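Structure first, then comments.
For clarity, every value in this text was computed on a predicted model and none was experimentally measured.
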Amino acid sequence: MARTASLSGFPEWLPQERLVELHVLDTLRKTFELHGFSSIETRAVETVGQLLRKGEIDKEVYGLSRLQDDEGEAAKSDKADPNALALHFDLTVPFARYVVENAGYLAFPFRRYQIQKVWRGERPQEGRAREFTQADIDVVGDGELPFRYDVEIALVIAEALSALPIPDFRLRINNRKLAEGFYRGIGLTDTAGVLRSIDKLEKIGAEKVTELLKSELGATDEQAGLALKLASIRTEDTSFVQQVRALGVTDELLEEGLNELEQVIQAAVQRAPGKVVADLSIARGLDYYTGTVVETVLVGHEQLGSICSGGRYDALASKGNRKFPGVGLSIGVTRLVSRILSQELATASRSVPTAVLVALNTDDSWSAAQDIAAQLRGRGIATEVAAKAEKFGKQIKFADRRGIPFVWFTDDDGKHQVKDIRTGEQVDADPAEWTPSEEDLYVRVTTA
């Protein structure tokens, strides 16, 4: 991680680092599939109109055009053209389009996971890249989607993150209905504007948020004070309900949001204790969220920002009068892996998948060595064959440089031996039966 990238914001991992990333991806995939989520992949390119239709920031979107047009002239990109092409900056907007276009072929509620690269024109820094991998899960309904899926999604993500080699984490959960109903109840009608201001609370502080509420939204001192009191409520149980009601605000939408958030927290206390908190400062800036909203932080690494975010969206996907409400969460895989590697929170046991190098006595023994390797691979043991019949010391040094733990020898009489080059132990072995220990058979990723 100390290397200087030739192109800032586009991370590339060394083989041993990539093995850590693959471990993260495989763990997420297995967890998602255990909960019945199907894998899909959408195209990397969407139209500008599709990407920007719900209030996203266009300066972060990478446009896509050819270097030359059909006449060989330098191609011109028209950013204002809604049909111009651009790289997707998240997986939720492309997924909404996918659902609409394939609704006749999907069984609803449709459960999907999607692990892909996305592109965003941000200023590169740790945790923020221009090309990065996200892992999303969503459940989408046809016409309606029971709220119970909001609860389930939070529990699935808590289980998935718990299986990763990362520090402790907290899912910080709020509900847009709760917040909007509260603001409406205190007389602030531009609820979207209030949410955008509250979303800046951790970046600019309460005093500046108060100034924004008053100068941009016309809030009184009392209204701004109540909005900030709501945002200060944070509990690990359902006691937030009484704390909100103690503020003396009444609104039908507020009550609906309180009830929904109470259900999520109540289930989390039972099934993911210590992993979820009700945090009424969480707003999420994107306009399409309509209910549950989630951000996730690593304990002790809060400055990294959210590693998993999302929520409920009731109107992102529609086809005529047909609505496809959904709820989902997105894990920032690259952000997580970058922190794991930079802080050495986890490491791979070796830099290659290979467990055994079959050494050569002579160059003529290469074919026989391939037969031995085939036997070992047939039993699931990753094996390489030396390319040249160098002195055994050099072949052992090659294995050591590669991170291969075992070297296989066969003498002229056909007797086989395998050497653990870490300990020097060398024993007789049969390629049809010998197997390394479980911890040496596969690359292991362990926490520091």
Side-chain angles (χ1 to χ4, degrees), residues 36-43 45-58 61 80-86 88-114 136-154 174-181 183-184 189-193 195-196 251-261 263-264 283-294 309-330:
F37 289 84
S38 300
S39 175
I40 70 163
E41 181 170 296
T42 57
R43 64 198 185 208
V45 175
E46 301 288 342
T47 64
V48 170
Q50 177 73 22
L51 289 174
L52 302 184
R53 67 191 183 93
K54 286 292 179 177
E56 291 74 17
I57 303 172
D58 56 0
V61 176
D81 181 4
N83 295 314
L85 301 180
H88 59 221
F89 63 88
D90 76 353
L91 300 178
T92 305
V93 174
F95 175 56
R97 189 246 335 136
Y98 175 94
V99 169
V100 169
E101 293 180 356
N102 295 283
Y105 305 94
L106 302 175
F108 293 96
F110 177 51
R111 305 159 73 93
R112 85 83 163 86
Y113 77 90
Q114 189 171 349
D136 287 23
I137 58 169
D138 288 79
V139 183
V140 171
D142 185 357
E144 64 175 3
L145 184 71
F147 178 75
R148 188 156 286 169
Y149 286 110
D150 293 50
V151 181
E152 183 183 1
I153 283 282
N174 194 7
N175 190 290
R176 277 281 183 94
K177 296 175 185 176
L178 187 165
E180 291 181 16
Y183 303 146
R184 205 167 65 180
T189 55
D190 185 2
T191 56
L195 283 166
R196 284 192 292 271
D251 183 90
E252 186 177 333
L253 189 62
L254 167 61
E255 286 300 316
E256 186 179 341
L258 275 173
N259 177 58
E260 289 184 355
L261 184 56
Q263 290 182 57
V264 176
R284 298 295 297 151
L286 295 176
D287 292 342
Y288 53 68
Y289 293 115
T290 56
T292 303
V293 284
V294 181
S309 306
R312 162 75 71 141
Y313 47 93
D314 286 331
L316 183 61
S318 61
K319 188 175 185 179
N321 294 326
R322 193 177 178 188
K323 303 290 185 183
F324 301 96
V327 60
L329 289 171
S330 175

> By salt bridge (charged side-chain N to carboxylate O under 4.0 Å, His left out), which residues pair with Arg148, not counting sequence neighbours?
Replying inline: none
> Going by the side chain to side chain donor-acceptor pair (under 3.5 Å) test, which pairs reach into residues 318-328, not counting sequence neighbours?
Replying inline: Asp142-Arg322
> Which atom pair, heavy atoms only, marks the closest approach of Phe324 to Ala103?
Replying inline: CZ-CB, 3.7 Å
>> Does either side chain, that of Thr47 or that of Asn83, offer a donor lying less than 3.5 Å from an acceptor on the other one?
In response: no
> Is there a side-chain contact between Phe147 and Val264 (heavy atoms, below 4.5 Å)?
Replying inline: yes
>> Asn174 vs Leu261, test: side chain to side chain contact (heavy atoms under 4.5 Å, CB included). Steps then yes/no.
In response: CA-CA 7 Å; Asn174 194 7; Leu261 184 56; 4.1 Å; yes
> side-chain contact (heavy atoms from CB on, under 4.5 Å) with Asp138: which of Tyr113, Phe110, Tyr313?
Replying inline: Tyr313
>> Is there a side-chain contact between Phe108 and Val99 in this structure, where contact means two heavy atoms from C-beta onward sitting under 4.5 Å apart?
In response: yes
>> Side chains of Ile137 and Ile153, heavy atoms from C-beta outward: is any pair under 4.5 Å?
In response: yes
> Which residues satisfy the side chain to side chain donor-acceptor pair (under 3.5 Å) test with Asp251, sequence neighbours excluded?
Replying inline: Arg184
>> Using every non-hydrogen atom in the two residues, find where Leu329 and Ala154 come nearest and quote the distance to one decimal.
In response: CD1-CA, 4.3 Å
> What closest approach, in Å, do Leu51 and Val61 show between heavy atoms, and which atom pair accounts for it?
Replying inline: CD1-CG1, 3.9 Å
>> According to side chain to side chain donor-acceptor pair (under 3.5 Å), who are the partners of Glu101, at least two apart in sequence or on a separate chain?
In response: Arg97
>> Give me the atom names and distance for the closest heavy-atom approach of Val100 to Ala317.
In response: CG2-CB, 4.0 Å
>> Once rounded to the nearest 0.5 Å, what's the spacing between atom CG of Leu145 and atom CG of Asp314?
In response: 8.0 Å
>> Please check this pair: side chain of Arg112 against backbone of Ile40, looking for a donor-acceptor N/O pair closer than 3.5 Å.
In response: no
>> So, using side chain to side chain donor-acceptor pair (under 3.5 Å) as the criterion, who are the partners of Asn175 when residues are at least two apart?
In response: Glu260
> Would you say Val139 and Phe37 make side-chain contact, with heavy atoms under 4.5 Å?
Replying inline: yes
>> Working note: Lys177 + Arg312, criterion side chain to side chain contact (heavy atoms under 4.5 Å, CB included); need CA distance, chi angles, decisive distance, verdict.
In response: CA-CA 11 Å; Lys177 296 175 185 176; Arg312 162 75 71 141; over 6 Å; no
> Any idea which heavy atoms bring Asp81 and Val48 closest together, and the distance?
Replying inline: O-CB, 3.9 Å
> Sequence neighbours excluded, which residues qualify as side chain to side chain donor-acceptor pair (under 3.5 Å) partners of Glu41?
Replying inline: none
> Distance-only, no hydrogens or angles: does the Thr42 side chain make a donor-acceptor pair with backbone N or O of Pro94 under 3.5 Å?
Replying inline: no
> Hey, does His88 have a side-chain heavy atom less than 4.5 Å from the side chain of Val93?
Replying inline: no
>> So, taking the atom named OH in Tyr98 and the one named CG in Leu106, what distance separates them when rounded to the nearest 0.5 Å?
In response: 6.0 Å
>> Measuring only between side-chain heavy atoms, which start at C-beta, is Arg176 closer than 4.5 Å to Thr191?
In response: no
>> Less than 4.5 Å apart, side chain to side chain, heavy atoms only: is that true for Ser330 and Thr92?
In response: no
